[in-house]
**Student:** 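Just passing along the structure, written as structure tokens.
Counting begins at 1 with the first residue of the sequence.
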Amino acid sequence: MKLFVPDIAYIDPKVLKLDSGKKVLKYLEKLRVPIVNSKKVVIDCGSPEKNYAAAKKTVLFTTNGQKKLVSCRPSADYQFSLSSSCPANCEYCYLQTTQGEKPFMKIFLNIEEILEVIQCYIDENMPNITSFECASITDPIALEHLSGNLKRCIEYFGDSLSGRLRLVTKFDNVEPFLKLKHNKHTKFRFTLNSRYVINNFEHNTSGFKERIEAVKKIAGAGYPIGFIIAPIMIYDNWKDEYKELFETLKIALVDYKGEISFELIQHRFTKAAKELIVQRFKNTLLDLNEENRLLKWGPYGKFKYVYKKPDSEDMNNYISGLINNNFNGAIIEYFT
């Protein structure tokens, strides 16, 4: 997929004191991206829809001062951020209600300070293994060429005796990671879905074939791999399309001998997310009919609409069956 290039970049002046900040500045100038030396991002396009669209083309380069990491179960022990938001426009995104009207991207350039915080958590938990997720609020692959942060992290964890890294992506720009000394300490997970879901709801992401090719490359480079199948949707011909997904994936991984994990997540939405989605994507094909769903209390203090029990059970049984029929020894970590 073509690399993401922002329409405008804001640079917090303090990052220009860092070598990474100076390097980014030169790269942006090479790309001819308009640059504003300010830590305050200004987006005022006259309407919420236009503000959202503009934000998805805007990047702020700054620092991450977080010293206390939060839990990221069941994915990992803790999560940390190399960036926030991403250039994708997934209509169903669970971050619709958490990143505001103007979800511009932030890229944190104080990577060495971030790694120092991580090392403290590793040291405190010695001699146990401590795992970290770096893609909870972003897609680090999409923004990697603008910072090099993920490459540095993979090399760092590759040398770590007790630290492990996990990430997930919808992008296929994986070439920078294929020859790194990762020592199998970084687990790559790919968010995969049927052609219908990718084509209709996952705008500005890599396509079905592109993601499968990226899977083959990462598997060939010896990384542990896993897949998030999400959000699983019920629509006309959904079973045939998900069948195609797993059969295609099986062919791509015919030579892969490692363990493969799967995380299964059904489509869900909240009332607040629904309001934003129909505002931002006026012609959306998402099924947001509350009458067809079950209202469920979520872990973050919000009600969400999920599929009714007969539908969710059918979905779980069918997708799990496809996985077990196509992959020997696959681990289904959860269905939710």
**Student:** Tell me the closest heavy-atom pair linking Glu241 and Tyr196, and the distance in Å.
**Tutor:** OE1-N, 3.0 Å
**Student:** Taking a hydrophobic cluster as the set of Ile, Leu, Val, Met, Phe, Trp and Tyr residues connected by side-chain heavy atoms closer than 4.5 Å, whether directly or through intermediates, do Ile265 and Tyr305 fall within one such cluster?
**Tutor:** no
**Student:** Could you tell me the separation between the CD1 atom of Ile229 and the CG atom of Leu249, rounded to the nearest 0.5 Å?
**Tutor:** 7.0 Å
**Student:** Run the side-chain contact (heavy atoms from CB on, under 4.5 Å) check on Ile251 and Ile212 step by step: do they pass?
**Tutor:** CA-CA 10 Å; Ile251 294 171; Ile212 297 296; over 6 Å; no
**Student:** Holding to side chain to side chain donor-acceptor pair (under 3.5 Å), I want the full list of residues that pass it with Ser38, two or more places apart in sequence or in another chain.
**Tutor:** none
**Student:** Hey, could you give me the CG/CD1 distance between Leu180 and Ile154, rounded to the nearest 0.5 Å?
**Tutor:** 5.5 Å
**Student:** List the residues meeting side chain to side chain donor-acceptor pair (under 3.5 Å) with Asp172, not counting sequence neighbours, and say none if there are none.
**Tutor:** Ser206
**Student:** What's the verdict on side-chain contact (heavy atoms from CB on, under 4.5 Å) for Thr191 and Thr205, showing C-alpha distance, side-chain angles and the deciding distance?
**Tutor:** CA-CA 11 Å; Thr191 297; Thr205 66; over 6 Å; no
**Student:** Which heavy atom of Ser136 sits nearest a heavy atom of Gln79, and at what distance?
**Tutor:** CB-OE1, 3.1 Å
**Student:** Tell me, please, which residues at least two apart from Glu133 pass side chain to side chain donor-acceptor pair (under 3.5 Å).
**Tutor:** Ser75, Arg189
**Student:** Partners of Lys282 by salt bridge (charged side-chain N to carboxylate O under 4.0 Å, His left out), sequence neighbours excluded?
**Tutor:** Glu49
**Student:** So does Asp236 have more than 12 non-hydrogen atoms from other groups sitting under 6.0 Å from CG?
**Tutor:** no
**Student:** Please tell me if the side chains of Ile323 and Leu264 come closer than 4.5 Å, counting only heavy atoms from C-beta onward.
**Tutor:** yes
**Student:** Can you confirm whether Asn237 is buried at CG, in the sense that more than 12 heavy atoms of other residues, nucleotides or ligands lie under 6.0 Å from that atom?
**Tutor:** yes
**Student:** Evaluate the side-chain proximity of Met105 to Ser83: yes if any heavy-atom separation is below 4.5 Å, no if none is.
**Tutor:** no
**Student:** Checking Gln119 now: which residues fulfil side-chain contact (heavy atoms from CB on, under 4.5 Å) with it, not counting sequence neighbours?
**Tutor:** Ile122, Asp123, Tyr156
**Student:** Centre-to-centre under 6.0 Å for Phe157 and Phe132, is that the case here?
**Tutor:** yes
**Student:** Could you work out, with ring-ring contact (aromatic ring centres under 6.0 Å, His included) as the rule, every residue matching Tyr223, not counting sequence neighbours?
**Tutor:** His182, Phe188
**Student:** Going by heavy atoms in the side chains, are Phe327 and Phe246 under 4.5 Å from each other?
**Tutor:** yes
**Student:** Tell me the closest heavy-atom pair linking His267 and Asp287, and the distance in Å.
**Tutor:** CE1-O, 3.7 Å
**Student:** Not counting sequence neighbours, which residues clear side-chain contact (heavy atoms from CB on, under 4.5 Å) with Cys120? List them please.
**Tutor:** none
**Student:** Transitively linked via ILVMFWY side-chain contacts under 4.5 Å: Phe269 with Trp238?
**Tutor:** yes
**Student:** Can you name the closest pair of heavy atoms from Tyr92 and Ala230 and give their distance?
**Tutor:** OH-O, 4.1 Å
**Student:** Can a salt bridge be assigned to the pair Lys106 and Asp12 using a cut-off of 4.0 Å between side-chain N and carboxylate O?
**Tutor:** no
**Student:** Rounded to the nearest 0.5 Å, what separates atom CG in Leu150 from atom SG in Cys134?
**Tutor:** 5.5 Å
**Student:** Under 3.5 Å, is there a donor-acceptor pair between the side chain of Lys274 and the main chain of Leu288?
**Tutor:** yes
**Student:** Could you tell me which residues satisfy side-chain contact (heavy atoms from CB on, under 4.5 Å) with Ser147, sequence neighbours excluded, listed by chain and number?
**Tutor:** Ile107, Leu109, Glu144, Asn149
**Student:** Let's go through Lys304 and Arg293 carefully: what are the C-alpha distance in whole Å and the side-chain angles of both, what is the deciding distance for side-chain contact (heavy atoms from CB on, under 4.5 Å) to 0.1 Å, and is it a yes or a no?
**Tutor:** CA-CA 9 Å; Lys304 57 187 176 182; Arg293 300 298 181 101; over 6 Å; no
**Student:** With the side chain counted from C-beta on, respond yes when Phe201 and Asn193 share a heavy-atom pair under 4.5 Å apart, and no when they do not.
**Tutor:** no
**Student:** Ignoring hydrogens and geometry, is there a side-chain-to-backbone donor-acceptor pair from Thr130 to Gly163 under 3.5 Å?
**Tutor:** no
**Student:** Got a sec, which residues hit side chain to side chain donor-acceptor pair (under 3.5 Å) with Asn110, two or more places apart in sequence or on another chain?
**Tutor:** Glu113
**Student:** When hydrophobic residues are tied together by side-chain contacts of less than 4.5 Å, even through go-betweens, does Leu16 share a cluster with Leu146?
**Tutor:** yes
**Student:** Could you grab the distance from atom CZ of Phe208 to atom OG of Ser194, nearest 0.5 Å is fine?
**Tutor:** 8.5 Å
**Student:** I'd like to know if the side chain of Lys151 and the backbone of Pro176 have a donor-acceptor N/O pair within less than 3.5 Å.
**Tutor:** no
**Student:** Taking the side chain as every heavy atom from C-beta outward, state whether Leu82 and Cys153 have any pair of such atoms under 4.5 Å apart.
**Tutor:** yes
**Student:** Backbone N or O of Met233 within a donor-acceptor pair of the Tyr242 side chain at under 3.5 Å?
**Tutor:** yes
**Student:** Kindly indicate whether the side chain of Lys243, heavy atoms from C-beta on, has any atom under 4.5 Å from the side chain of Glu247.
**Tutor:** yes
**Student:** Listed by chain and number, what are the side-chain contact (heavy atoms from CB on, under 4.5 Å) partners of Ile129, not counting sequence neighbours?
**Tutor:** Ser162, Arg164
**Student:** Considering all heavy atoms of both residues, which atom of Glu101 and which atom of Pro48 are nearest to each other, and what is their separation?
**Tutor:** OE2-CA, 3.8 Å
**Student:** Side chains of Lys2 and Asn173: does their closest heavy-atom pair fall under 4.5 Å?
**Tutor:** no
**Student:** Provide the full list of ring pair (Phe, Tyr, Trp, His ring centres under 6.0 Å) pairs with a residue in residues 100-125, sequence neighbours left out, each pair given once.
**Tutor:** Tyr78-Tyr121
**Student:** Determine whether Phe61 and Leu25 make a side-chain contact, defined as any pair of heavy atoms from C-beta on separated by less than 4.5 Å.
**Tutor:** no
**Student:** Has Lys39 got more than 12 heavy atoms of other residues, nucleotides or ligands less than 6.0 Å from its NZ?
**Tutor:** no
**Student:** Of the non-hydrogen atoms in Tyr318 and Asp240, which two are nearest, and what is the gap between them?
**Tutor:** OH-N, 4.4 Å
**Student:** Is there a path from Leu322 to Tyr235 through hydrophobic residues (I, L, V, M, F, W, Y) whose side chains come within less than 4.5 Å of each other?
**Tutor:** yes
**Student:** Please check if the number of heavy atoms outside Lys239 that lie under 6.0 Å from its NZ is greater than 12.
**Tutor:** yes
**Student:** Can a donor-acceptor pair be found, under 3.5 Å and without considering hydrogens, that links the side chain of Lys170 to the backbone of Leu192?
**Tutor:** no
**Student:** Apply side-chain contact (heavy atoms from CB on, under 4.5 Å) to Leu60 and Lys40, showing your working.
**Tutor:** CA-CA 8 Å; Leu60 168 65; Lys40 182 179 180 181; over 6 Å; no
**Student:** Do Val59 and Phe171 land in one hydrophobic cluster if side-chain heavy atoms of ILVMFWY residues count as linked below 4.5 Å?
**Tutor:** no
**Student:** Quick one: salt bridge (charged side-chain N to carboxylate O under 4.0 Å, His left out) partners of Lys271, sequence neighbours excluded?
**Tutor:** Glu290
**Student:** Using a strict cut-off of less than 4.0 Å between a Lys/Arg side-chain nitrogen and an Asp/Glu carboxylate oxygen, indicate whether Arg280 and Glu91 qualify as a salt bridge.
**Tutor:** no
**Student:** May I ask you to say whether Glu263 pairs ionically with Lys187, meaning some side-chain N is under 4.0 Å from a carboxylate O?
**Tutor:** no
**Student:** Calculate, to the nearest 0.5 Å, the distance between atoms CD1 and CG belonging to Ile141 and Leu3 respectively.
**Tutor:** 11.5 Å
